[in-house]
Amino acid sequence: MTAMDLEQAAAVFAEVRPRLFGIAYRMLGSASEAEDLVQDVWLRWQTTDRSTVTNPAAYLATAITRLAINVMQSARVRRETYIGPWLPEPVDTSADPLLGAERNEALEFAVLLILERLSPTERAAYILREAFDYPYSQIAEIIGSTETATRQLVSRARKRIVAERHNPVTDKEQRELLSAFVTAARSGDLEALEQLLAEDAISYSDGGGVVRASRFPVVGMERVAKYHKAFADRFWERAEVELATANGQAVAILRRDGAAFAVLAVEASADGIEQVMWMMNPAKITAFGN
């Protein structure tokens with residue numbers, strides 16, 4: 001390969017790189033694993049006979065999607081042995097608002113958690129259609145299926161997400177509820193916490209076995225409220241809180257002595273806060289100054 005050939009290959013790859021990362025991240029819920037896959041595809045692209053590739057963007061999207069499907073199989077095995085609840089790795093969408101997507105879809109934490117329960121090909125079909133607006137015929141080629149079957153995969157995924165999200169509130173309302181939750185949790189105000197939470201609220205804490213965190217989801221309004229009241233004093237000591245944006249939604253970044261030690265997100269409906277998600281595994285929050 002000549003220097004000019006490599007330069008041309010790099011230019012083509014650089015143009016589609018944001019989309020490749022966007023596909024891989026949505027598939028895996030892990031920025032670090034997504035970056036590894038992007039690098040893998042770049043190495044493959046260098047050694048590919050590019051003269052035979054008529055549509056480089058489609059070729060590269062196919063390559064990363066198929067790799068992600070394979071990685072998801074092993075990722076599921078790893079998550080079965082993960083210590084405590086597994087939550088997606090938050091990404092700073094203020095720096096890259098769309099992560100290479102035409103639509104800000106399949107980025108929210110609650111949606112990524114639902115996608116975890118889909119098959120790898122179902123997840124791929126949904127992401128390619130809803131986040132990147134690929135035609136069904138092209139998605140079918142990428143995942144090795146028929147167009148009819150692909151439409152069914154996307155339809156099932158849509159129905160599942162609609163059924164499990166309970167009519168989410170607007171971005172503005174979610175930010176207000178998050179802010180109110182931080183205030184109530186920080187002060188240990190049990191009554192205020194109960195008023196903010198939905199009856200069947202769930203709190204997840206992802207410490208990955210590295211930091212102290214509940215190893216089981218806390219379920220039910222009263223339990224979740226009492227759980228947050230119980231550790232209010234020691235947990236929030238010297239904590240600095242900044243409202244920011246991650247995965248296209250409002251989050252609270254908690255720092256102590258300048259270092260991030262938690263990223264907090266909530267999923268809310270008209271009934272109140274349905275899910276409280278504490279991302280505390282240090283390896284997952286480095287993008288926020290850990």
Side-chain angles (χ1 to χ4, degrees), residues 10 12-46 48 56-79 82 86-134 139 142-143 157 206 208 244-249 251 260 263 265 277 279-290:
V12 169
F13 191 83
E15 188 174 343
V16 299
R17 192 186 192 286
R19 172 172 289 201
L20 300 183
F21 177 81
I23 292 170
Y25 173 75
R26 287 169 172 84
M27 285 288 293
L28 302 172
S30 166
S32 55
E33 289 182 331
E35 286 288 1
D36 289 344
L37 282 198
V38 170
Q39 186 62 22
D40 194 348
V41 171
W42 162 238
L43 294 174
R44 294 181 183 209
W45 180 238
Q46 291 179 64
T48 296
Y59 176 89
L60 293 166
T62 300
I64 200 142
T65 302
R66 291 179 178 175
L67 278 175
I69 287 172
N70 291 336
V71 170
M72 270 195 73
Q73 310 284 2
S74 58
R76 288 191 166 187
V77 174
R78 290 199 306 276
R79 284 166 198 169
Y82 191 82
W86 179 93
L87 291 172
E89 178 181 349
V91 287
D92 184 359
T93 42
S94 64
D96 185 3
L98 298 181
L99 281 177
E102 281 75 30
R103 308 172 191 172
N104 200 14
E105 291 289 336
L107 270 180
E108 303 98 324
F109 299 111
V111 173
L112 288 173
L113 284 176
I114 297 170
L115 293 179
E116 281 290 305
R117 299 193 282 276
L118 305 181
S119 71
T121 51
E122 196 172 12
R123 183 168 182 162
Y126 177 84
I127 288 166
L128 292 172
R129 181 63 186 174
E130 294 301 300
F132 298 94
D133 204 26
Y134 279 88
I139 299 171
I142 290 173
I143 65 174
D206 180 348
T245 302
N247 292 62
Q249 68 183 87
V251 297
V263 175
M277 292 165 278
M279 288 149 280
M280 300 165 64
N281 185 338
K284 290 187 175 183
I285 57 175
T286 55
F288 299 92
N290 185 24

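Just so you know, residue 1 is the first one in the sequence shown, and it goes up from there.
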Could you pull out all donor-acceptor pairs under 3.5 Å where a side-chain atom in residues 57-64 meets a protein atom, sequence neighbours excluded?
| from | atom 1 | to | atom 2 | distance (Å) |
| --- | --- | --- | --- | --- |
| Y59 | OH | T48 | OG1 | 3.2 |
| T62 | OG1 | A58 | O | 2.8 |

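- For Y126 against E105, the heavy-atom pair with the smallest separation is OH-OE1, 4.3 Å.
- Side-chain contact between V16 and W45 is absent, with no heavy atoms from C-beta onward closer than 4.5 Å.
- Closest heavy-atom contact between E89 and S30: OE1-OG, 3.4 Å.
- For the pair Q249 (side chain) and F109 (backbone), a donor-acceptor distance under 3.5 Å is present.
- If you take CD on E122 and CZ on R117, they are separated by 12.0 Å, rounding to the nearest 0.5 Å.
- One finds the CG atom of D36 at 9.5 Å from the CG atom of L28 (value rounded to the nearest 0.5 Å).
- Annotation: the span from Y82 atom OH to D206 atom CG amounts to 3.5 Å, rounded to 0.5 Å.
- A distance of 10.0 Å separates CD of E116 from CE of M27, quoted to the nearest 0.5 Å.
- Here the side chain of R66 pairs no donor or acceptor atom with the backbone of I143 at under 3.5 angstrom.
- In terms of heavy atoms, N247 sits closest to P90 at OD1-CA, 3.3 Å.
- Side-chain atoms of K284 come within 3.5 Å of backbone N or O of L87 as a donor-acceptor pair.
- Here OH of Y25 is found 10.5 Å from CD1 of I127. Values are rounded to the nearest 0.5 Å.
- When all heavy atoms of P120 and Q73 are compared, the closest pair comes out as CG-NE2, 3.7 Å.
- Annotation: E35, atom CD; neighbour count of heavy atoms from other residues, nucleotides and ligands within 6.0 Å is above 12.
- Looking only at distances, no side-chain donor or acceptor of R26 sits under 3.5 Å from a matching main-chain atom of L107.
- Rounding to the nearest 0.5 Å gives a distance of 7.5 Å between CD of Q39 and CZ of R17.
- A pairwise comparison of heavy atoms in A260 and I285 identifies O-CD1, 3.7 Å as the closest pair.
- The minimum heavy-atom distance linking M279 with P88 is given by the pair SD-O, 3.5 Å.
- Using a 4.5 Å heavy-atom threshold, the side chains of L20 and W42 count as separate.
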